[in-house]
There are 2 protein chains.
Amino acid sequence: MKKTSTSLQILSLLENCHCHLSAAEIYEQLRPQLPAVAPSTVYRILERLVHTGQVSISDMGGGTEVYEIANQRHHHLVCERCHTVLTLSDAEIQPLFESLQQRHSFVISTNHLVLFGICEKCRSGS
Amino acid sequence: MKKTSTSLQILSLLENCHCHLSAAEIYEQLRPQLPAVAPSTVYRILERLVHTGQVSISDMGGGTEVYEIANQRHHHLVCERCHTVLTLSDAEIQPLFESLQQRHSFVISTNHLVLFGICEKCRSGS
DNA sequence: CAGCAAATTGCAAAGACTTGCAAATGCAAA
DNA sequence: TTTGCATTTGCAAGTCTTTGCAATTTGCTG
Ligand SMILES: [Zn+2]
Ligand SMILES: [Zn+2]
Ligand SMILES: [Zn+2]
Ligand SMILES: [Zn+2]
């Protein structure tokens, strides 16, 4: 993968933000510095970063995929009603992945699991 | 939810097929019987069936979401290289879900988990 | 510091859904 | 069966993302 200024800026944007951003949000945050960048370029760079494992892509229920820097494995529980996001340490998921990998001779690459459901507050409140 | 002939046919299509179909595939299989149906109607019916839990929606890596009748909980491992799909019984996943639910007071609704990775054949072969 | 092949980009067109709205339909009460 | 309302549908327009392709840029070689 070639290092172009656009891809470096996208990576640094994601590194500093440490949050889940959609392609459109990344595109918007990029415009001030790189006014001439095309949306398709942003989509393609993100696709490449995902493919090389530097960035995770996930559907967090927001209607569009979000991207996050992949330097610390973690996972989430997302409430379908209030959209609260709980973060799970990798330790909570890793044992299952290990056992699946051994049982099925399969190497799992999913690095940012998102599970949906209803949180405690929504269950009791409503 | 009203019972319209289109929604009944989509449901029966998914029940008989027992496989993962994209919205476009469903639309195509529907046309012979319902030539006048609009694509947007198919998308909206599928959205409703997913919302009521009768159908699962998942990204299986094929570039577009696929739908499946949700009458038997199960999950999958999908090879990112050869696109082989392994099926996991719910029993392999349920214990993790239980423990997450208790630990985080969260009721998980995800009913068709898809994990990506590399299968044994691709790992040894290539 | 050229010269090159391969990777990357911008643009415009295509593709894949989504949405607003008026008309049609399903359902149940009268 | 008839009536009336809420749900559902078709259509067309809109949004978001992908793709083909020629032009540009990058990393390497000499
Ligand atoms: Zn995350
Ligand atoms: Zn909630
Ligand atoms: Zn399945
Ligand atoms: Zn494989």
Side-chain angles (χ1 to χ4, degrees), chain A residues 1-14 19-68 80 83 112 114 116, chain B residues 1-15 19-68 78 80 83 112 114 116:
Chain A
M1 170 158 175
K2 278 186 188 176
K3 287 180 189 174
T4 63
S5 76
T6 308
S7 72
L8 288 175
Q9 288 207 40
I10 289 180
L11 207 48
S12 120
L13 187 70
L14 288 169
C19 60
H20 307 104
L21 292 177
S22 69
E25 288 166 341
I26 292 169
Y27 176 65
E28 278 314 316
Q29 294 200 30
L30 221 56
R31 297 200 62 166
Q33 304 144 61
L34 296 170
V37 75
S40 62
T41 301
V42 174
Y43 285 110
R44 278 189 285 220
I45 289 175
L46 288 170
E47 183 182 26
R48 255 182 295 148
L49 292 173
V50 168
H51 187 252
T52 59
Q54 299 169 83
V55 166
S56 71
I57 178 176
S58 316
D59 171 5
M60 305 269 295
T64 182
E65 311 249 50
V66 292
Y67 299 83
E68 183 177 23
E80 290 180 316
H83 307 108
H112 188 253
V114 179
F116 295 94
Chain B
M1 170 152 177
K2 273 186 193 177
K3 287 180 188 174
T4 62
S5 76
T6 308
S7 72
L8 288 175
Q9 287 208 40
I10 289 180
L11 207 48
S12 119
L13 187 70
L14 288 169
E15 267 162 4
C19 61
H20 307 104
L21 291 177
S22 69
E25 286 165 343
I26 292 168
Y27 176 66
E28 279 314 317
Q29 295 199 29
L30 220 56
R31 297 201 63 168
Q33 304 144 61
L34 296 171
V37 76
S40 64
T41 301
V42 175
Y43 285 111
R44 278 189 286 220
I45 289 176
L46 288 170
E47 183 183 26
R48 257 182 293 149
L49 292 173
V50 168
H51 186 252
T52 60
Q54 299 169 84
V55 166
S56 72
I57 178 176
S58 316
D59 171 5
M60 306 268 296
T64 183
E65 311 251 48
V66 292
Y67 299 84
E68 183 177 24
V78 177
E80 290 180 314
H83 307 109
H112 189 254
V114 179
F116 295 94

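Residue numbering restarts at 1 for every chain, and letters A, B, ... go by the order of the sequence lines.
Distance A:Ile26 CD1 to D:dC16 P: 15 Å, rounded to the nearest Å. Computed from coordinates, the B:Met1 CE to D:dA6 P distance equals 19 Å when rounded to whole Å. A straight line from CD of B:Gln9 to P of C:dG26 spans 13 Å, rounded to a whole angstrom. The separation between A:Leu46 atom CG and D:dT19 atom P is 15 Å, rounded to whole Å. Atoms CD (B:Glu28) and P (C:dG15) sit 14 Å apart, rounded to a whole Å. Rounded to an integer number of Å, the gap from CD1 of A:Ile57 to C1' of D:dT18 is 13 Å. Rounded to an integer number of Å, the gap from CD1 of A:Ile45 to P of C:dT8 is 9 Å. Rounded to an integer number of Å, the gap from A:Lys3 NZ to C:dT9 P is 15 Å.
With contacts defined as side-chain heavy-atom distances shorter than 4.5 Å, the pair A:Ser56/A:Val50 does not qualify. Using a 4.5 Å heavy-atom threshold, the side chains of B:Glu68 and B:Val55 count as separate. Side chains of B:Leu13 and B:Ile26 form a contact here, defined as non-hydrogen atoms less than 4.5 Å apart. Residues B:Ile45 and B:Thr6 form a side-chain contact, since some pair of their non-hydrogen atoms from C-beta on lies under 4.5 Å apart.
Distance from the side chain of B:Thr41 is smallest for D:dG10 among the nucleotides D:dC16, C:dA16, D:dG10. Listed nucleotides D:dG10, C:dG10, D:dG27 differ in distance to A:Ala38; the shortest reach to its side chain belongs to C:dG10.
Nucleotides of DNA chain C nearest to A:Arg48 and B:Ala23 differ in position, and the one nearer the 5' end is that of A:Arg48.
Contact between A:Tyr27 and A:Ala38 at its shortest, heavy atoms only, is CE1-C, 4.1 Å. The minimum heavy-atom distance between B:Phe116 and B:Glu80, with the atom names listed, is CB-OE2, 3.6 Å.
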Write down the protein N/O and nucleotide N/O pairs, taken from nucleotides 18-25 of chain C, whose separation is under 3.5 Å; answer none if there are no such pairs.
{"from": "C:dG20", "atom 1": "O6", "to": "B:Arg44", "atom 2": "NH1", "distance (Å)": "3.2"}
{"from": "C:dT25", "atom 1": "O2", "to": "B:Lys2", "atom 2": "NZ", "distance (Å)": "3.4"}

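The residue from B:Glu65, B:Glu25, B:His112 that alone fulfils the side chain to side chain donor-acceptor pair (under 3.5 Å) condition with B:His20 is B:His112.
Residue contacts for A:Ala36: at a heavy-atom cut-off of 4.0 Å it reaches the sugar-phosphate backbone alone, with no base atom in range. Among the protein residues, A:Thr64 comes within range of the sugar-phosphate backbone only, with heavy atoms under 4.0 Å from sugar or phosphate atoms but none that close to a base.
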